[in-house]
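A note on names: the letters A, B, ... follow the listed sequences, proteins ahead of strands, and every chain is numbered from 1. Keep in mind it's a predicted model, so treat the numbers as computed, not measured.
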Protein chains: 2
Amino acid sequence: MISLVSTTKVYLEIIKQLREMITDDGLKPGDKIPSERELSERLNFGRSSVREALRALEMLGLIETRRGEGTFIRDFRDHRLVQLLSTFILQDEKAKTDVFETVELIEIDGLQLALRKMKSKDHEELLNWIRTVDVVRHSDFFYRIIRYADNYLLFRIWVILKEYYESLVPEPAQYSREDYLSLAEALAKRDEAKTLSAYRQLRNLSFK
Amino acid sequence: MISLVSTTKVYLEIIKQLREMITDDGLKPGDKIPSERELSERLNFGRSSVREALRALEMLGLIETRRGEGTFIRDFRDHRLVQLLSTFILQDEKAKTDVFETVELIEIDGLQLALRKMKSKDHEELLNWIRTVDVVRHSDFFYRIIRYADNYLLFRIWVILKEYYESLVPEPAQYSREDYLSLAEALAKRDEAKTLSAYRQLRNLSFK
DNA sequence: CCGCAATGGTGGTCAGACCACACATGTCTC
DNA sequence: GAGACATGTGTGGTCTGACCACCATTGCGG
């Protein structure tokens, strides 16, 4: 007897077809996708299976459902993903040190990229921001840095790790305006050694 | 009239209670959680709602369901992280260059950590492996490096990026045994500059 | 023209049914 | 007695149909 049952779970199959449907129809963030009942009919799966697929996508922040209106594609560039995870991960002590360590590595990576990619206009902008802003928040600073680094993937990774990080420490990191200023100046000079040492001073890193 | 309907969606409420249940009972990765039917009864929600909650958690990689057996807590350190995000992002040409760039950064990060953390025993083992193995596959080599770096989170990120990387290039990266050997030797000498230059030569990187 | 009730479409939830699978148990055969 | 087989039970997997809650639109009456 021929197996009519695909080995993959139905809800994953639905997600797959839904994705094809989205690309085929050229749907973009904000657009509405077909209703649950219509998907159920078009794809030949039960509505409950369709809903399971939608819940999975919703949890990932890829879609948004509004009762009485419909289901919409979200701008997945700002999905959360980790908020949930962080509450789970807290227990493992080793995981924490991994998070700290990795955040610092990624930030250094961002600095390295920024070092190569920042234009003088960017440097002016950054310095100006540091000088005029009320208080230099660490996450705001690196938000800018990694933007300048012009690598969206690295940016995403950093944001995710940052969320972990902030869920692990009681209060957000806070260093002095002077530290950020010297960091930004080292960047403007395109001086790698100075940049790294400025970062280390900021973080009070002991290693090399 | 008193609103009996919680404003939050039921499946989120179920996730919340499930989480409490897990911490209260001290369940750990690998442990089995109550069956769908039991959860449905204990929490007073329909089974389909329970299933929607489980699908959401499964999509995040927090649980694993096995037909006929039950639902189990996963080692959340294996969670997807960037996985889904990138499958959507891949279409973008800019995203590809981001992947390449980021993989290289992460590999350098791994090297830096390994530089600080590897024991002499590790160095022996690595050198021996390079000398005796049939062919030095790039992913195998860095698999080891990032293991030595002893940062599970970084390791997970690397594995994910590597998968994308390999899905973007026709054939896996392949460099000469000598290149890996000089890289390993530089590591053994704990010489940072030599290590980085060896990596750059391997990758034929133009930048500093 | 405005305001409002009716209507239809949408997601949200539930109950029940049946299937597919894994495992433990019991039973039969040799 | 030991091994092979059958069976039962519990589990996740899926579908159906029903009903509720909410939203937007329509169209009617003022």
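- For D:dT11, neither phosphate oxygen OP1 nor OP2 lies less than 4.0 angstrom from any side-chain nitrogen or oxygen of B:Arg66.
- Distance B:Phe45 CZ to C:dA15 C1': 16 Å, rounded to the nearest Å.
- Computed from coordinates, the A:Arg67 CZ to D:dC19 C1' distance equals 12 Å when rounded to whole Å.
- Inspection of the A:Tyr148 and A:His123 side chains reveals no N or O donor paired with an N or O acceptor under 3.5 Å.
- Checked against C:dA20, D:dT11, C:dG11, the side chain of B:Ser35 finds its nearest nucleotide in D:dT11.
- In summary, the side chains of A:Glu64 and A:Thr71 do not present any donor paired with an acceptor at a separation below 3.5 Å, with no hydrogens or angles considered.
- Side-chain proximity of B:Lys32 to the nucleotides D:dT11, C:dT10, D:dG13 is greatest for D:dT11.
- Close to D:dC15, at under 4.0 Å from its OP1 or OP2, lies a side-chain N or O of A:Ser49.
- The shortest side-chain heavy-atom distance between A:Phe72 and A:Ile63 does not fall under the 4.5 Å cut-off.
- Here the nucleotide nearest the side chain of A:Glu52, chosen from D:dT14, D:dC15, C:dG12, is D:dT14.
- Between the CD atom of B:Glu36 and the P atom of C:dC14 there is a distance of 14 Å, given to the nearest Å.
- Residue A:Glu38 contributes atom CD, which lies 7 Å from atom P of C:dT10 at whole-angstrom precision.
- Mapping A:Glu69 and A:Ser48 onto DNA chain C by nearest heavy atom places A:Glu69 at the nucleotide closer to the 5' end.
- Note: CZ (B:Arg55) to C1' (C:dG12) measures 18 Å, nearest angstrom.
- If you measure from atom CD of B:Glu58 to atom P of D:dG12, you get 11 Å, rounded to the nearest angstrom.
- In this model, the phosphate group of D:dG12 is not approached by any side-chain N or O of B:Arg51 to a distance below 4.0 Å at OP1 or OP2.
- Between B:Trp158 and B:Phe142, the ring-plane angle classifies as tilted under the 30° and 60° cut-offs.
- No donor-acceptor pair closer than 3.5 Å links the side chain of B:Ser49 to the backbone N or O of B:Tyr11.
- Between the P atom of D:dG13 and the CD1 atom of B:Ile63 lies a distance of 9 Å, rounded to the nearest Å.
- For the OP1/OP2 pair of C:dT10 and a distance below 4.0 Å, the side-chain nitrogens and oxygens of A:Thr65 include no atom meeting the criterion.
- Judged by distance alone with a 3.5 Å cut-off, a donor-acceptor contact links the side chain of A:Arg47 to the base of C:dG12.
- Nucleotides of DNA chain D nearest to B:Thr71 and A:Gly46 differ in position, and the one nearer the 5' end is that of B:Thr71.
- Here the P atom of nucleotide D:dT14 and the OH atom of A:Tyr11 are 10 Å apart, to the nearest Å.
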